[in-house]
Amino acid sequence: MDFKENNILLDVAVASKEELFEVIANYAYESGYVANAIETCGAFNDREAEYSTGLQDGFAIPHAKAETVLEPTVLFIRLKHEVEWETFDDSEVKNIFALMVPKKDEGTVHLEMLSRLATALLEDEFTQQIQQSEDKTQLVELIKKEMIGERII
């Protein structure tokens, strides 16, 4: 899995998580990560209906497992304004890691991606840097280091 600057979307303006899922799915389609934006958006909404992917401190990790996903992908999205989301601490969400995984990888790659990300979000230093950085190069390095154990030089 490759994570690069175009996997980072900053200052995204949406009014709800449903609108956010549409933005993510359309961006993923335009970027060639998914074959169908509507079905991918539906996969995000279906997963969210099962159980909220909101965490705490303004973070959420929505995920879509679908046949339309062409390759395992992570997008980091920072919203311009917080949106309502069911979270552990009743906070609104501003920082989102959107995971998209092909259906065939749902029990393997998906769980590893989710585990690494959830563990990273328990580290205060990581969450503070993610929340504060406006530098996409720095964000790529931080996220790659946590998600796939890579350091970019």
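Computed from heavy atoms alone, side chains included, the values below leave out hydrogens, waters and symmetry copies. Note that the structure is a prediction, hence the values are computed from the model and not measured.
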- [ ] Could you check whether the rings of F97 and F59 sit parallel, tilted or perpendicular, using 30° and 60° as the cut-offs?
- [x] parallel
Open item on the list: When you group the ILVMFWY residues by side-chain heavy-atom contacts below 4.5 Å and let the links chain together, are I61 and L9 in the same group?
Closed with: no
TODO: Check the hydrophobic clustering (I, L, V, M, F, W, Y; side-chain heavy atoms under 4.5 Å; chains of links allowed) and say if I130 and V140 are grouped together.
DONE: yes
- [ ] Consider only side-chain heavy atoms of I, L, V, M, F, W and Y, link residues closer than 4.5 Å, and tell whether L121 and F76 are in one cluster.
- [x] yes
Task: Closest non-hydrogen atom pair between P102 and P72, with its separation - done: CD-N, 3.7 Å
Open item on the list: Let me confirm one number: the OG-CD distance from S133 to Q128, rounded to the nearest 0.5 Å.
Closed with: 13.0 Å
Task: Single-linkage hydrophobic cluster I8~V23, side-chain heavy atoms < 4.5 angstrom - done: no
- [ ] Kindly indicate whether the side chain of M100, heavy atoms from C-beta on, has any atom under 4.5 Å from the side chain of I24.
- [x] yes
Task: Within 6.0 Å of CD1 in I38, more than 12 heavy atoms from elsewhere - done: no
TODO: Calculate, to the nearest 0.5 Å, the distance between atoms CD1 and CD belonging to I143 and Q138 respectively.
DONE: 10.0 Å
Task: V93 to L79 - nearest heavy-atom pair and separation - done: O-CD1, 3.7 Å
Open item on the list: Checking H63 against V101 for the side chain to side chain contact (heavy atoms under 4.5 Å, CB included) test, could you report, in this order, the C-alpha distance in whole Å, the side-chain angles of both residues, the deciding distance, and whether it holds?
Closed with: CA-CA 8 Å; H63 35 286; V101 181; over 6 Å; no
Task: Side chain proximity check, V12 to Y27, heavy atoms < 4.5 angstrom - done: no
- [ ] Verify the neighbour count for atom CD of Q132: are there more than 12 heavy atoms of other residues, nucleotides or ligands below 6.0 Å?
- [x] yes
Task: Closest non-hydrogen atom pair between T87 and D90, with its separation - done: OG1-N, 3.0 Å
Task: Pair E84-S16, side-chain donor/acceptor within less than 3.5 Å - done: no
- [ ] Give the intermediate values and the outcome of side chain to side chain contact (heavy atoms under 4.5 Å, CB included) for residues K17 and T53.
- [x] CA-CA 11 Å; K17 65 182 171 184; T53 57; over 6 Å; no
Open item on the list: Do V83 and L20 make a side-chain contact, defined as non-hydrogen atoms from C-beta onward lying under 4.5 Å apart?
Closed with: no
TODO: Give the minimum heavy-atom separation between E134 and D11, together with the two atoms involved.
DONE: OE1-OD2, 4.5 Å
Task: Rounded distance [0.5 Å steps], OG1 in T137 versus CG in L142 - done: 11.0 Å
- [ ] Could you tell me whether the side chain of D89 and the main chain of D57 form a donor-acceptor pair under 3.5 Å?
- [x] yes
TODO: Compare all side-chain heavy atoms of N36 with those of Y29 and state whether any distance is below 4.5 angstrom.
DONE: no
TODO: Give a yes or no on whether E19 atom CD has more than 12 heavy-atom contacts from other residues, nucleotides or ligands under 6.0 Å away.
DONE: yes
- [ ] May I have the step-by-step check of side chain to side chain contact (heavy atoms under 4.5 Å, CB included) for K145 and F126, ending in yes or no?
- [x] CA-CA 10 Å; K145 180 175 165 260; F126 177 76; over 6 Å; no
- [ ] Measure the spacing between NE2 of H81 and CD of E92 and express it to the nearest 0.5 Å.
- [x] 11.5 Å
Open item on the list: If hydrophobic clusters are built from ILVMFWY residues whose side chains come within less than 4.5 Å, do L70 and F44 share one?
Closed with: no
TODO: State, yes or no, whether a side-chain contact exists between E146 and L117 at a heavy-atom distance under 4.5 Å.
DONE: no
Task: Test item: side-chain donor near acceptor, Q56 and S91, under 3.5 Å - done: no
TODO: Identify the two heavy atoms, one from F21 and one from P62, that lie closest to each other, and give their separation to 0.1 Å.
DONE: CE2-CB, 3.6 Å
Task: Shortest non-hydrogen contact from A60 toward G54 - done: CB-CA, 3.9 Å
Open item on the list: Going by side-chain contact (heavy atoms from CB on, under 4.5 Å), name the residues that satisfy it together with Y33, two or more places apart in sequence or in a different chain.
Closed with: K4, N6, N7, A28, S31, E71, T73, L75
